[in-house]
Amino acid sequence: MPFPRASQALSRFTVLDLTRVRSGPTCVRQLADWGANVIKIDALMEDGGGEQPGGPRGGSDFQNLHRNKRAMTLNLKDPKGLEVFKRLAEQADVIVENFRPDVKAKLGIDYESVRKINPRIVYGSISGFGQDGPYHKRPGFDQIAQGMGGLMSVTGAPGGGPMRVGIPVADLTAGLFCAIGILTALLERDVSGEGQWVQTSLLQAQIFMLDFQAARWLMEKEVAKQAGNNHPTSIPTGVFKTTDGYINIATTGGRIWERCAQAIGAPELVTDPDYATAPARSKNRDALNARINALTEKKSTETWVQELNAAGVPCGPIYSIDQMFEDAQVKHLGMAQHVPNDENRHIQLVSQPVTLSRTPSKMAARPPEFGEQTEEVLAEFGFGQDEIAALRQRKVV
């Protein structure tokens with residue numbers, strides 16, 4: 001039976017998904033959401049039980065990470081299970097895993113082993129710290145990567161001590177970077193005919209995400225500090241109180257600063273020597289923020305958003321997550337999408353943030369139950385019914 005595809009963009013590619021928890025599934029979700037034939041391989045133990053690291057299968061987190069896939073069970077620790085995997089790998093285009101670097105070699109499913117049977121394979125690996133080096137055997141966790149990658153040192157209020165970011169940014173970006181690497185390798189394979197090993201880590205992803213603050217150190221030897229809600233260079237930019245909440249205001253350049261001062265009813269700030277130039281505004285940041293805050297707290301957030309936008313001053317409300325999904329523009333963009341399913345379950349998940357005009361992504365299939373399509377997938381890969389029955393009897397699948 002053909003299964004529904006989320007898009008036609010990547011429909012010619014078959015992906016074996018060995019990932020778990022977050023960074024790996026984030027990578028594979030990109031491929032599944034663009035229509036790849038993703039087969040999630042659920043780990044089956046010798047006793048017939050299964051491992052489900054990463055939260056309950058019916059939970060919102062698992063559901064959001066594993067939509068648009070099918071699933072089969074496989075015991076990779078059984079020699080027969082390894083044989084099955086290699087038969088699958090012979091026909092696959094992509095394998096993605098986020099085991100600790102030594103685990104896949106022990107299982108015999110590492111890149112060098114797989115490329116011997118399929119030199120066209122694109123093999124994506126995500127680790128905590130890299131596939132080799134002094135830390136390569138350490139387990140990787142998002143918050144540890146945030147700390148070692150420098151992010152926690154620039155997050156939070158000045159003097160408040162290191163602060164983690166409110167989302168698992170190292171996990172998420174490592175997954176996205178791995179997906180980009182896989183797509184790049186697939187494009188290159190069209191030219192060379194050969195696959196390759198795509199590697200990234202939570203630490204590398206987190207360092208890359210420091211971007212201009214990392215470059216400031218490398219080029220100018222300037223160590224960025226915590227700035228709280230203040231922008232490090234564009235001033236005034238930050239959070240200001242209103243009668244019913246808070247608002248973000250962002251000024252970039254003198255002209256926008258002038259429009260901002262006019263809009264908040266303080267045109268005298270433009271000519272005040274303490275705030276007339278960018279260096280002066282930087283030097284007197286705290287005093288300027290206090291002057292602005294004294295004015296913004298006299299009106300509601302909605303009023304300020306309307307007035308400042310009308311004046312050409314970038315601004316926006318600060319939403320809680322439930323408020324965000326009620327915003328008219330968020331609804332227009334379709335960032336919350338229902339997932340069709342035969343069981344009439346309520347499944348609403350976060351959609352892709354990218355739109356393609358001819359081959360858009362959609363929620364085509366709910367996340368699979370544990371090993372739900374095992375027989376279907378094996379049959380597609382050429383396994384006969386007798387073989388499948390024997391594998392079940394041996395508890396390989």
Side-chain angles (χ1 to χ4, degrees), residues 15-34 36 38 40-43 51-69 94-104 123-133 135-156 162-184 197-211 213-214 321 324 335 349-354 361 367:
V15 179
L16 302 183
D17 177 9
L18 295 170
T19 69
R20 49 191 183 170
V21 190
R22 185 172 311 283
S23 63
T26 297
C27 168
V28 180
R29 176 174 59 189
Q30 290 303 108
L31 308 177
D33 279 2
W34 294 106
V38 173
K40 175 174 167 50
I41 297 180
D42 290 324
E51 290 182 311
Q52 295 189 42
R57 204 172 189 101
S60 57
D61 193 19
F62 187 98
Q63 296 283 297
N64 197 47
L65 284 167
H66 295 285
R67 72 277 187 110
N68 294 325
K69 302 178 181 180
V94 177
I95 294 171
V96 188
E97 58 85 21
N98 61 329
F99 298 120
R100 288 197 314 272
D102 56 328
V103 170
K104 54 184 168 290
Y123 193 107
S125 294
I126 305 173
S127 61
F129 302 96
Q131 296 298 314
D132 46 34
Y135 303 158
H136 79 281
K137 290 186 179 181
R138 292 185 184 181
F141 291 91
D142 175 85
Q143 187 159 334
I144 294 172
Q146 287 193 33
M148 292 180 67
L151 180 61
M152 291 176 67
S153 74
V154 297
T155 304
M163 178 69 67
R164 70 179 291 274
V165 173
I167 61 170
V169 62
D171 277 337
L172 295 172
T173 53
L176 293 172
F177 292 144
C178 188
I180 292 171
I182 288 168
L183 295 173
T184 303
W197 190 7
V198 177
Q199 305 173 40
T200 191
S201 67
L202 306 190
L203 182 59
Q204 288 169 286
Q206 186 57 82
I207 292 170
F208 185 86
M209 291 299 291
L210 286 182
D211 201 53
Q213 288 161 310
I321 294 174
M324 175 269 293
M335 289 306 298
L349 304 174
V350 185
S351 71
Q352 278 290 322
V354 178
S361 175

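What you see is a predicted model, and the numbers here were worked out from it, not measured in a lab.
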Notebook entry, point to check: When you look at L16 and E97, which way does the side chain to side chain contact (heavy atoms under 4.5 Å, CB included) test go after all the steps?
Noted result: CA-CA 9 Å; L16 302 183; E97 58 85 21; over 6 Å; no

Show me the donor-acceptor pairs within less than 3.5 Å that the side chains of residues 172-181 make with the rest of the protein, sequence neighbours left out.
| unit_1 | atom_1 | unit_2 | atom_2 | d |
| --- | --- | --- | --- | --- |
| T173 | OG1 | V169 | O | 2.6 |
| T173 | OG1 | A170 | O | 3.4 |

Check: [Y] and [X] side chains under 4.5 Å, non-hydrogen atoms:
X	Y	answer
V15	V96	yes
R57	D42	yes
P162	S153	no

Can a donor-acceptor pair be found, under 3.5 Å and without considering hydrogens, that links the side chain of [X] to the backbone of [Y]?
X	Y	answer
D102	K137	no
D171	L202	no
R67	D33	no

Next item on the list: Just do the side chain to side chain contact (heavy atoms under 4.5 Å, CB included) check on R29 and V350 with the steps written out, would you?
Entry: CA-CA 11 Å; R29 176 174 59 189; V350 185; over 6 Å; no

Can you give me the closest heavy-atom contact between [X] and [Y], atom names plus distance?
X	Y	result
L18	F99	O-CZ, 3.9 Å
P25	N98	CD-ND2, 4.4 Å
P101	Q131	CB-OE1, 3.6 Å
F129	R138	CE1-CB, 3.6 Å

Looking at [atom1] of [X] and [atom2] of [Y], how far apart are the two atoms once the value is rounded to the nearest 0.5 Å?
X	Y	atom1	atom2	answer
R164	I144	CZ	CD1	12.0 Å
H66	R20	NE2	CZ	11.5 Å
I126	T26	CD1	OG1	7.5 Å
I207	M209	CD1	CE	13.0 Å
Q146	T155	CD	OG1	7.0 Å
W34	L183	CH2	CG	11.0 Å

Check: Could you go step by step and tell me if C27 and T19 meet the side chain to side chain contact (heavy atoms under 4.5 Å, CB included) rule?
Finding: CA-CA 9 Å; C27 168; T19 69; over 6 Å; no

Next item on the list: Start with the C-alpha distance between L349 and Q63, add both sets of side-chain angles, then the distance that settles side chain to side chain contact (heavy atoms under 4.5 Å, CB included), and finish with yes or no.
Entry: CA-CA 8 Å; L349 304 174; Q63 296 283 297; 4.1 Å; yes

Checklist line | CZ (R100) with more than 12 external heavy atoms under 6.0 Å | finding: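 No, not enclosed.
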
Check: Within a radius of less than 6.0 Å around CE of M335, do more than 12 heavy atoms belonging to other residues, nucleotides or ligands occur?
Finding: yes

Note to self: Can you tell whether the side chains of D142 and R22 come within less than 4.0 Å, N to carboxylate O?
What the structure shows: no

